[in-house]
Amino acid sequence: MEPKNTTFPSTYTASDWEDRLYTLWEKSGFFNPDECIKAGITKVDAEPFSIVLPPPNVTGTLHAGHASMLAIEDILIRFKRMSGYRTLWLPGTDHAAIATQSKVEKLLAGEGKTRADLGREAFLKRVEQFAQESHDTIIHQTKKMGSSLDWSREAYTLDEKRTLAVRTAFKKMYDDGIIYRGNRIVNWDPVGQTTISDDEIVYQEETAKLYYLKYGPFEIATARPETKFGDKYVVMHPEDERYQQYAHGDTLTVEWINGPIEATIIKDEMIDREFGTGVMTITPWHSHVDFDLAQKYHLDMEQIIDQSGHLLPIAGEFAGKPISEAREHIIAKLAGKGLVTKIDESYVHQIATAERSGATVEPQIMRQWFINVTKEFPRDGKTVTLKSLMQDAVRQEKIHLLPERFNKTYFNWIDNLRDWCISRQIWFGHQIPVWYRGEEVFCGIEAPEGTGWTQDPDTLDTWFSSGLWTFSTLGWPKTTDDFQTYHPTTVLETGYDILFFWVARMILMSEYFLADIPFKTVYLHGLVRDEQGRKMSKSLGNIIDPLDVIADYGADALRLSLVIGSTPGNDLKLSTEKITSYRNFVNKLWNMGRYVSLSFDAGNVTPKAKNVSDHWILTRLAEVTAEVTAHLDHYNISLASETLRDFTWNEFADWYIEIHKIEKNDAVLAHVFMTLLKLWHPFMPFVTEALFQTFAPNEKNPLMITAWPKADTLATKDDAEQFKLVIKLIQEIRAIRSIYQIEPAKKIAVTVTAGANEITLTQNNGAIFQHLARLSEIHVIATAADTPQNSIIVQAGLLRAYIELADVVDFEKEKKRLLKEKQDKERYITTLETKLQNKNFIERAKPEIIAAEKTKLEEAHKHLSDIDHHLTSLS
RNA sequence: GGGUCUGUAGCUCAGUUGGUUAGAGCGCUACAUUGACAUUGUAGAGGUCUCCAGUUCGAAUCUGGACAGACCCACCA
C-alpha cells in the first residue's frame, strides 16, 4: 500500500525541515508569552515559569557545553509552555570583559599591534566590532539548536538598559559604604596588566628550587629570593622552644643581600613550626599572608617588584632586571657572602597563574575598588552582611541546588570569601561611574556637572554586571510588569564550574538590591567531554562542533545525545556513536509516522479500546505519560527521555504496531502516536513538529503550543494485564525457537491452557495467537486444560503453553533443560519459603511486599508442578 | 593540607525511602530480511554489584575501614 501522502519519504532528512520549522515557530510569535496569552493558549493568571539564559560570552562560537545547556533549558521551557504555564525564556549575551579584550588583543598581536597603539577609543571600537560578529554567530547557532527563546526580550550585559542597572547598583552600594576604594593586596597579572579576582586564578604545580638562606642567627627557606630585599621582619611561633631567647619586638642587625639591615622579631601563631626551621621573613607587598600579618602588627610595607615584573631601586644593582633573570644572580651573590646553606632542587609547590593570560600572578598592594562582604548593616531588624545573606538564602532552603551536594561546596566557598576586588585595568567593560576633580570624588549614574572632572579609567569585573542578570534583564531598576511577573526566576540552569563566579554573585546582588532570591532552583549541569572522558580542547583536536553535528545528524539527534545519560552535577561523554544511535531513533520515529500515515484518517476520532492489545497500549501510555511528567517535574530529564524511548521503541513499535498489522484499530494507533509526538516534542522539537505538520498542516497552531497530554485512559487494567502475560508467553515461545534452532519457516503448534479460576483466555487474546501465526510463526491449535503429550512447556504468570515439537526436538535434551529449570525453581522456592517463615520478616516488612512475595511463591509452586507433570509426560 | 564525588556486564551507565531470580543501550554471537524503518527485527551469551568488617530477618543500597580513580578549595615560607 502506498502512503496516502506520497511525499512521505522513507528517511527523515533533518536539514530539509529544521530551518523551515524554526521560521514557522518564530513567525507564530509563541516564543513570546504575551503572544500565547493573546492567542488564548496561556491564561493571564497562569503560574509563571521563567529561565534567563546564561549569557554566552561574545568571544567566538558556541561549543558542546552551550549546546547541552540549550537542550536542557529548551526541554524544560517547552514542557512548561505546553503544560499551560506563563513561560518565559529570556536570551542574551555577555560582554565578558577580560576574555573578550584579551581575544582581541591576541588578534591585534597577530597584526603586530598593541591596544596602546590604537588608543582607548579606537581599541574599543575594534572590540565592539568583534563582539558584534561573535554575537551574530552565537544567535545563529542558538537558533539552530531549536531554542524557543523570546528574542523580543534579548539583552546584552553592556547595552543601554544593563548599563543603567550597573550604574544604579554601583551607586547604591557606594552610597551604602558597601563599595569602597582602598589600598589592599590584589592579584596582579603582569602580562594582562590588570588585577584579577581570586576565582580567576589557576594553581599549577611546579617543581622549583627551595633556597635555604642564613638570616642572622636564623635559617629561612624561600623559593623567591628576588622578593627578599626588603625583608626586615622575621617571624616565629611564640611557643617554639628553639627561639625562646628572642622576644616579640626585639631587633638585631643581620647581614643581607645588599649589606646589613635591622631585623625585627615578630611572634605569631600562624607559623608552622614543622616547616623548615620554623622561621620565616615576610614580604607584605607581594604576599597575601604576609600582608595580613603586616596589617595585624602595623608593619612597614615596601614594594620590591613593579607592575611589569621588574625589580625596583631597592634591589640595588639588580634594579630594572626581570624576576626570572635576577633570581640566579641574587643567589650567586648570597652564596658569595656565604649566606646560602642549602638548595633543595625538588621543591614542589603550587604557583598562582592568571586564567586568561597564563602569567604568574604577582600579588601587589594597589588602590582598587572592593565590595565589602563582611560589613554589617541592618535588614528586617537584624544585623546582616553580604556573606550572611548569601548563606541564608541556601541554608533556609529558599534556593535549592541540584544536586544538593553542592551546598557544602557553596558554604565552604563563602566561609573563605574575602572582599571582592571589582576594578579592572582594562578598557572593555563598564567604566567605573566615579569622577574625580582634585580631591573631590563624585559617584553617579551620569557624569557630574561642571568642568575639570575625569572619570576613573578602570572598568568593572565582568561578574558585577552578570550578577544583576536575573533582574537587569527584566527591566530593573524600573518596576516593570516583566519584573513583577517573572522575578524571582524559576530555574537557573548552568555549569557547576561557574557556581562561584556567577551563581553566588547573583545571589549576593539579588539579596542586596531586592531582598529576594534570584531563582528558586539551580540546576547545575556537568561538562561535556569526549568519548574518553577528556575535556574538549583545540590542542587535543577532540572538539565536537554543534553546527557540524546538526549538519550531519540533525539538531534532534544532538539534543538527545546531550540529554540522555546526563544528570545534574555529572560530566557527560559525547561520541559520534552516541549521536548516530539517536539519529537512528529519530528516523525510527519518523517511520512510525510513515506507518501510521498508511491508515491515518485526519479528523478527531475518539480512540476506543477493542482488543486486549488496545487496552494494554492505552494503559501503558497513561502510565508512561504520568511517569514522564513526574520525571520532568523533578528535573529528571534523562530518566524522562529514557522512559519515553523504551516505551516508544520496545512497546509501541515492536509490539503494538506489529499487532496492528493483524488486528487493526486505527483510532487507537493514531491516538497513541499523536500523544507520543506531544510527549517527545520538548526533547526533539523538529522531527515531532515535522510529523505533526505532515499529518495536519497548521502553521497557526503548531505542535509546540498544543496541550501537554493528561495521564488518563479509557482502557481497563485487567485486559492490559492479560495482554502483558500474552506478550511474555510469546517471548518464551520465541526463545524456545532460538534454543532448538527451529527454522523460521516452520510453524510451531501451541496449546495454551489456563486454569478455570485463573486468568482465562478470552476470545480476543485467543485470536491474537491465531493472528500472530503469521508474525511469529506460532500456531495455536487449541486451548485446553490438559497437558498434551510429547511437548515443550513454557509459561508466563499463570498462562502455560505446550509446544508440540516431537519431530524437531530431542527429548533427552528437553528433559535436561526441564531438570535444570526444576532445580532453579526449587532453590527459588526455598529462598521464598525461608523468607516467609521468618517471624521478623512477617512482622516488619510492608504488607504489599509480603503479599507480593506470597504471590511469587504461589506462581513458583504452580510452575514447579507443571514442570513435574511435564517431566512425567516426557518419560 | 581541607573538602566533595565515583567504583554494578567488554564499554557507557540506570538502580527513588534496604525487600522481584540485579537492569538498559552499545559491542559480541546466532538467526531472519521484497514488509513503515537494512538508520531493521528475534533470540542468546556475558555480573562474587572493588575488597574487608559491621548493623539487619534481609545489603548493590545503611555504617566503619582498606584500595583505586575523578574533581573542587587552599600562596607551608
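Numbered from 1 within each chain, the chains take letters A, B, ... in sequence-line order. Hydrogens, waters and symmetry mates are skipped; everything else that's a heavy atom, side chains included, is used.
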Exercise. Under 4.0 angstrom, heavy atoms only, what part of the nucleic acid is A/Thr11 near: base, sugar-phosphate, or nothing?
Worked result: base

Exercise. For B/A77, does OP1 or OP2 lie under 4.0 Å from any side-chain N or O of A/Lys228?
Worked result: no

Problem set entry | B/C62 to B/G19 separation - P atoms, rounded to the nearest Å | 11 Å

For this session: To the nearest Å, give me how far apart CG (A/Asn591) and P (B/A38) are.
Result: 7 Å

Exercise. If we only count heavy atoms from C-beta on, is the A/Trp590 to A/Pro9 side-chain gap below 4.5 Å?
Worked result: yes

For this session: Output all residues satisfying side-chain hydrogen bond (donor to acceptor under 3.5 Å, both in side chains) with A/Lys578, sequence neighbours left out; order by chain, then residue number.
Result: none

Exercise. Over how many whole Å does the gap from A/Ile850 atom CD1 to B/C57 atom P extend?
Worked result: 15 Å

Problem set entry | Pairing of A/Lys862 and A/Glu859 as salt bridge, 4.0 angstrom limit | no

Problem set entry | Base-pair map of RNA chain B as dot-bracket, where | denotes pairing with a different strand and pairs are Watson-Crick or G-U under 3.5 Å | (((((((..((((.....[...)))).(((((.......))))).....(((((..]....))))))))))))....

Problem set entry | Spacing between A/Leu836 atom CG and B/G58 atom C1', to the nearest angstrom | 12 Å

Exercise. What's the closest nucleotide to the A/Arg594 side chain, out of B/A14, B/C37, B/A74?
Worked result: B/C37

Exercise. Under a 4.0 Å N-O cut-off, is there an ion pair linking A/Asp240 with A/Arg242?
Worked result: yes

Problem set entry | Contact nearer the 5' end of RNA chain B, comparing A/Ala653 with A/Tyr347 | A/Ala653

Exercise. Is it true that the side chains of A/Tyr656 and A/Asn665 contain a donor and an acceptor less than 3.5 Å apart?
Worked result: no

For this session: Go through the side-chain N and O atoms of A/Thr580 and A/Glu577 and say whether any donor and acceptor fall under 3.5 Å apart.
Result: no

Seminar exercise, completed: Assert: residue with more 5' nearest nucleotide on RNA chain B, out of A/Ile220 and A/Ile201, is A/Ile201

Seminar exercise, completed: Picking from B/A36, B/A77, B/U4, the nucleotide nearest the side-chain atoms of A/Lys408 would be B/U4

For this session: Please measure how far the C1' atom in B/G44 lies from the corresponding atom in B/C37, and state the result in whole Å.
Result: 24 Å

For this session: Rounded to whole angstrom, note down the C1' distance from B/U33 over to B/U16.
Result: 42 Å

For this session: Round to the nearest Å and state the distance from A/Leu598 atom CG to B/A36 atom C1'.
Result: 6 Å

Exercise. When rounded to the nearest Å, what value does the distance between C1' atoms of B/U21 and B/U17 take?
Worked result: 23 Å

Exercise. If the P atom of B/G3 is compared with that of B/G64, how far apart are they to the nearest Å?
Worked result: 14 Å

Problem set entry | B/C71 versus B/U63 - spacing of their C1' atoms, nearest Å | 25 Å

Problem set entry | Any A/Asn584 side-chain nitrogen or oxygen under 4.0 Å from OP1 or OP2 of B/U40 | yes

Exercise. Which whole-number value in Å describes the distance from A/Trp413 CH2 to B/C71 P?
Worked result: 22 Å

For this session: Report the distance from atom CZ of A/Phe406 to atom C1' of B/U6, rounded to the nearest whole Å.
Result: 13 Å

Problem set entry | Closest to side chain of A/Met280, choosing from B/A36, B/A77, B/G2 | B/A77

For this session: Quick one, give me the B/S/- string for nucleotides 19-28 of chain B, reading 5' to 3', where B means a protein heavy atom under 4.0 Å from the base and S means that only happens at the primed atoms, P, OP1 or OP2.
Result: BSB--S----

For this session: Output the single nucleotide from B/C73, B/A36, B/C13 whose closest atom is nearest the side chain of A/Lys573.
Result: B/C13

Exercise. Side chains of A/Glu833 and A/His861: donor-acceptor distance under 3.5 Å anywhere?
Worked result: yes

Problem set entry | Nearest listed nucleotide, side chain of A/Lys588, among B/G41, B/A14, B/U39 | B/G41

Exercise. Do other residues, nucleotides or ligands put more than 12 heavy atoms under 6.0 Å from the NE2 atom of A/His634?
Worked result: no

Exercise. Nearest-Å distance, CG (A/Leu293) to C1' (B/A77)?
Worked result: 12 Å

Exercise. Can you tell me how far C1' in B/A43 sits from the matching atom in B/U48, rounded to whole Å?
Worked result: 28 Å

For this session: Take atom P in B/G1 and the same atom in B/G47, then report the distance between them in whole Å.
Result: 41 Å

Problem set entry | Short side-chain donor-acceptor distance under 3.5 Å, A/Asp231 and A/Tyr215 | no

Problem set entry | Steps toward ring-ring contact (aromatic ring centres under 6.0 Å, His included) verdict (A/Trp680, A/Phe683) | CA-CA 5 Å; A/Trp680 271 119; A/Phe683 304 92; 5.7 Å; yes

For this session: Identify which nucleotide among B/C5, B/C57, B/G41 has an atom closest to any side-chain atom of A/Arg405, counting heavy atoms from C-beta outward.
Result: B/C5

For this session: With heavy atoms under 4.0 Å as the rule, sort A/Ile271 into base, sugar-phosphate or nothing.
Result: base

Problem set entry | Ring center gap for A/Tyr243 and A/Phe218 short of 6.0 angstrom | yes

Exercise. Whole Å only: how far is the CG atom of A/Asp268 from the P atom of B/C76?
Worked result: 15 Å

Exercise. For A/Glu219 and A/Thr341, does a side-chain donor sit closer than 3.5 Å to a side-chain acceptor?
Worked result: yes

For this session: State which of B/U42, B/A77, B/A14 makes the closest approach to the side chain of A/Asp654.
Result: B/U42

